[in-house]
Structure formats: C-alpha cells, structure tokens
Colleague: 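One structure coming up, written as structure tokens, with questions to follow.
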Amino acid sequence: QVQLVESGGGLVQAGASLRLSCTASGRTFRRSAMGWFRQTPGKEREFVAAISWNGGTTYYTDSAKGRFTISRDNAKNTVYLQMNSLKAEDTAVYYCAARSGSFARMRTSEYEYWGQGTQVTVSS
C-alpha cells in the first residue's frame with residue numbers, strides 16, 4: 001500500500017515557476033514508477049510526466065517538454081515536478097500517482113495509487 005500527499009500548488013502569474021512535491025509512505029516507493037497527471041473541470045485526467053523507479057527513464061506530454069522536469073529522491077520518498085514558464089492553460093488540479101511496476105507509464109489506468117491533488121492556477 002502506498003499513500004501519496006502532494007504539496008506546492010498555488011496561484012502564480014504566467015511565466016512564473018512552481019515546484020510540486022509528492023511524498024509517499026510505504027516501503028514499496030523505491031520500486032515504484034511515479035507519475036504526475038492533471039485535470040480540469042469537465043475533462044478527463046491527463047498525463048503530464050512520469051519517471052521510472054530509479055529516475056533513469058522519464059516521459060512528458062508534448063506541452064510539458066522543455067518546461068517541466070520530473071525527478072525523484074528515493075531517500076526522501078519524494079517525487080517532484082518542477083514547472084517553469086507556466087501558462088494559463090497549465091491551470092488544473094495536479095495529481096501524483098504511483099504504480100506497482102518499476103517502469104514509467106503514461107496511462108492513468110496503469111497507476112494504482114493516487115494523491116488528493118493540488119491546485120495550480122496560472123493567471124494570464
């Protein structure tokens with residue numbers, strides 16, 4: 001069992017940066033691939049970024065490439081999402097997710113554990 005708690009969301013202006021953190025409990029974190037997803041009202045939850053168990057593989061949605069960076073610190077049971085050059089269209093609730101497998105994946109269906117979400121609002 002893995003429990004996830006996100007933090008770091010907030011209200012910022014376009015062009016600013018935010019760093020989201022997700023701290024996990026449970027001994028399996030170090031073997032788990034992790035992902036960040038986001039959701040806006042009326043839309044399905046969408047993939048943002050994912051990282052393998054050892055950080056060796058990362059994936060990003062096209063809109064995040066070059067602006068967002070996913071990383072993890074297994075000693076702290078924490079995964080991060082550094083978001084730079086934020087745009088109004090990045091406004092969403094951001095969710096951290098963990099999967100039992102070690103390989104990064106991009107589909108919501110492949111993640112078993114989810115955090116409660118943190119709101120990111122970017123004003124234009």
Side-chain angles (χ1 to χ4, degrees):
Q1 188 77 10
V2 177
Q3 294 180 327
L4 306 172
V5 178
E6 302 103 330
S7 61
L11 170 63
V12 297
Q13 291 187 334
S17 298
L18 278 177
R19 188 176 79 157
L20 305 183
S21 300
C22 172
T23 300
S25 63
R27 292 179 291 178
T28 60
F29 173 82
R30 296 183 182 187
R31 299 192 296 273
S32 298
M34 302 293 294
W36 285 98
F37 295 77
R38 64 189 181 188
Q39 189 171 22
T40 54
K43 293 189 176 181
E44 292 187 355
R45 196 168 296 185
E46 66 174 10
F47 170 76
V48 177
I51 189 167
S52 61
W53 72 278
N54 63 353
T57 301
T58 56
Y59 297 122
Y60 298 92
T61 190
D62 285 345
S63 63
K65 290 177 182 176
R67 299 189 300 127
F68 294 3
T69 303
I70 188 171
S71 62
R72 65 190 295 161
D73 185 341
N74 285 349
K76 296 182 179 179
N77 278 14
T78 300
V79 63
Y80 304 97
L81 184 68
Q82 177 67 43
M83 303 187 294
N84 299 328
S85 302
L86 283 162
K87 304 175 182 179
E89 50 264 43
D90 294 318
T91 295
V93 177
Y94 283 71
Y95 295 92
C96 173
R99 60 186 306 267
S100 300
S102 298
F103 299 106
R105 294 289 185 263
M106 294 183 282
R107 293 185 294 185
T108 58
S109 60
E110 299 200 74
Y111 289 81
E112 293 95 336
Y113 307 103
W114 293 85
Q116 81 289 350
T118 185
Q119 176 71 46
V120 171
T121 303
V122 184
S123 62
S124 57

Colleague: What do the steps show when you test Arg105 against Tyr111 for side-chain contact (heavy atoms from CB on, under 4.5 Å), and what is the final call?
Modeller: CA-CA 8 Å; Arg105 294 289 185 263; Tyr111 289 81; 4.2 Å; yes
Colleague: Please determine whether the number of non-hydrogen atoms from other residues, nucleotides or ligands lying under 6.0 Å from atom CD of Gln116 exceeds 12.
Modeller: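 Counting other residues, nucleotides and ligands, CD of Gln116 exceeds 12 neighbours.
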Colleague: For the hydrophobic clusters of this structure (ILVMFWY residues joined by side-chain heavy atoms under 4.5 Å, transitively), does one cluster hold both Leu18 and Val79?
Modeller: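 Result: yes, single cluster for both.
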Colleague: Tyr80, Leu4: one ILVMFWY side-chain cluster at the under-4.5 Å cut-off?
Modeller: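 No, because Tyr80 and Leu4 fall into different hydrophobic clusters, even though each may have its own neighbours under 4.5 Å.
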Colleague: Indicate whether any N or O donor in one side chain lies under 3.5 Å from an N or O acceptor in the other, for Thr108 and Glu110.
Modeller: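 No, because no side-chain N or O of Thr108 sits under 3.5 Å from a partner of the opposite role on Glu110.
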Colleague: Any idea which heavy atoms bring Ser71 and Ile51 closest together, and the distance?
Modeller: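 So the minimum-distance heavy-atom pair works out to CA-CD1, 3.7 Å.
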Colleague: Nearest 0.5 Å, what's the OG-CD distance between Ser123 and Gln13?
Modeller: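 The distance works out to 5.0 Å.
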Colleague: Is the centre of the Phe103 ring less than 6.0 Å from the centre of the Trp53 ring?
Modeller: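 Between Trp53 and Phe103, which both carry aromatic rings, the centre distance is not below 6.0 Å.
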Colleague: Could you walk me through whether Phe68 and Leu86 pass the side-chain contact (heavy atoms from CB on, under 4.5 Å) test, one step at a time?
Modeller: CA-CA 9 Å; Phe68 294 3; Leu86 283 162; 4.0 Å; yes
Colleague: Is the distance between the ring centroids of Tyr95 and Phe37 under 6.0 Å?
Modeller: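 No, ring centres 6.0 Å or more apart.
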Colleague: Give me the atom names and distance for the closest heavy-atom approach of Tyr94 to Arg38.
Modeller: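 Minimum heavy-atom separation between Tyr94 and Arg38: OH-NH1, 2.9 Å.
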Colleague: Identify the two heavy atoms, one from Ser85 and one from Ser17, that lie closest to each other, and give their separation to 0.1 Å.
Modeller: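 For Ser85 and Ser17, the tightest heavy-atom pair comes out as N-OG, 4.3 Å.
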Colleague: Would the distance check show the side chain of Glu112 and the main-chain N or O of Ser100 forming a donor-acceptor pair, the cut-off being under 3.5 Å?
Modeller: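 Yes.
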Colleague: Are Asn74 and Lys76 close enough, and set up right, to give a side-chain contact (heavy atoms from CB on, under 4.5 Å), and what steps lead you there?
Modeller: CA-CA 5 Å; Asn74 285 349; Lys76 296 182 179 179; over 6 Å; no
Colleague: Cluster question for you: counting only ILVMFWY and a side-chain heavy-atom cut-off of under 4.5 Å, with indirect links fine, are Ile70 and Tyr59 together?
Modeller: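 Per the 4.5 Å side-chain linkage, Ile70 and Tyr59 are not co-clustered.
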Colleague: Rounded at 0.5 Å granularity, tell me how far OG1 in Thr40 sits from CD in Glu89.
Modeller: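 Atom-to-atom, Thr40:OG1 and Glu89:CD are 11.5 Å apart.
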Colleague: How about Arg72 and Thr78: do any of their side-chain heavy atoms sit closer than 4.5 Å?
Modeller: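 No; the side chains remain at least 4.5 Å from each other.
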Colleague: Given 3.5 Å as the limit, does a donor-acceptor pair link the side chain of Ser102 with the main chain of Ala33, or not?
Modeller: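 Pair absent, no side-chain N/O of Ser102 close to backbone of Ala33.
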Colleague: Hey, which of Leu81, Leu20, Val93 is the one that makes side chain to side chain contact (heavy atoms under 4.5 Å, CB included) with Thr118?
Modeller: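 The side chain to side chain contact (heavy atoms under 4.5 Å, CB included) with Thr118 is passed solely by Leu20 among Leu81, Leu20, Val93.
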Colleague: Is the terminal nitrogen or CZ of Arg99 (NZ for Lys, CZ for Arg) located under 6.0 angstrom from the six-membered ring centre of Tyr113 and within 45° of that ring's axis?
Modeller: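 Because its charged atom misses either the 6.0 Å distance or the 45° angle limit, Arg99 does not stack over Tyr113.
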Colleague: Is a donor on one side and an acceptor on the other found under 3.5 Å between the side chain of Gln82 and the backbone of Arg19?
Modeller: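 Here the side-chain-to-backbone pair does not exist.
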Colleague: Ignoring hydrogens and angles, state whether a donor on the side chain of Asn77 or Thr23 is under 3.5 Å from an acceptor on the partner side chain.
Modeller: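 No donor-acceptor contact under 3.5 Å links the two side chains.
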Colleague: Taking all non-hydrogen atoms of both residues, which atom of Ala88 and which atom of Ser124 are closest, and how far apart?
Modeller: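 For Ala88 and Ser124, the tightest heavy-atom pair comes out as CB-CB, 4.1 Å.
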Colleague: So, for Ala92 and Gln39, which heavy atoms are closest and what is the spacing to 0.1 Å?
Modeller: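 Looking at all heavy atoms of both residues, the shortest contact is CB-O, 3.5 Å.
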Colleague: Is the shortest distance from a Lys or Arg side-chain nitrogen in Asp90 or Lys87 to a carboxylate oxygen in the other one below 4.0 Å?
Modeller: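 No, no charged N to carboxylate O under 4.0 Å.
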Colleague: Could you report the tightest heavy-atom contact between Ala98 and Met34, atom names first, then the distance?
Modeller: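 Minimum heavy-atom separation between Ala98 and Met34: CB-SD, 3.4 Å.
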Colleague: For Tyr60, is the OH atom crowded, meaning more than 12 foreign heavy atoms sit under 6.0 Å from it?
Modeller: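 Check passes, neighbour count above 12.
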Colleague: For Ser52 and Ala104, indicate whether the former's side chain and the latter's backbone hold a donor-acceptor pair under 3.5 Å.
Modeller: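 No, Ser52 side chain to Ala104 backbone: no donor-acceptor pair under 3.5 Å.
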Colleague: Would Trp36 and Phe29 show up in the same hydrophobic cluster when neighbours are defined by side-chain heavy atoms closer than 4.5 Å?
Modeller: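 Linked, Trp36 and Phe29 end up in one cluster.
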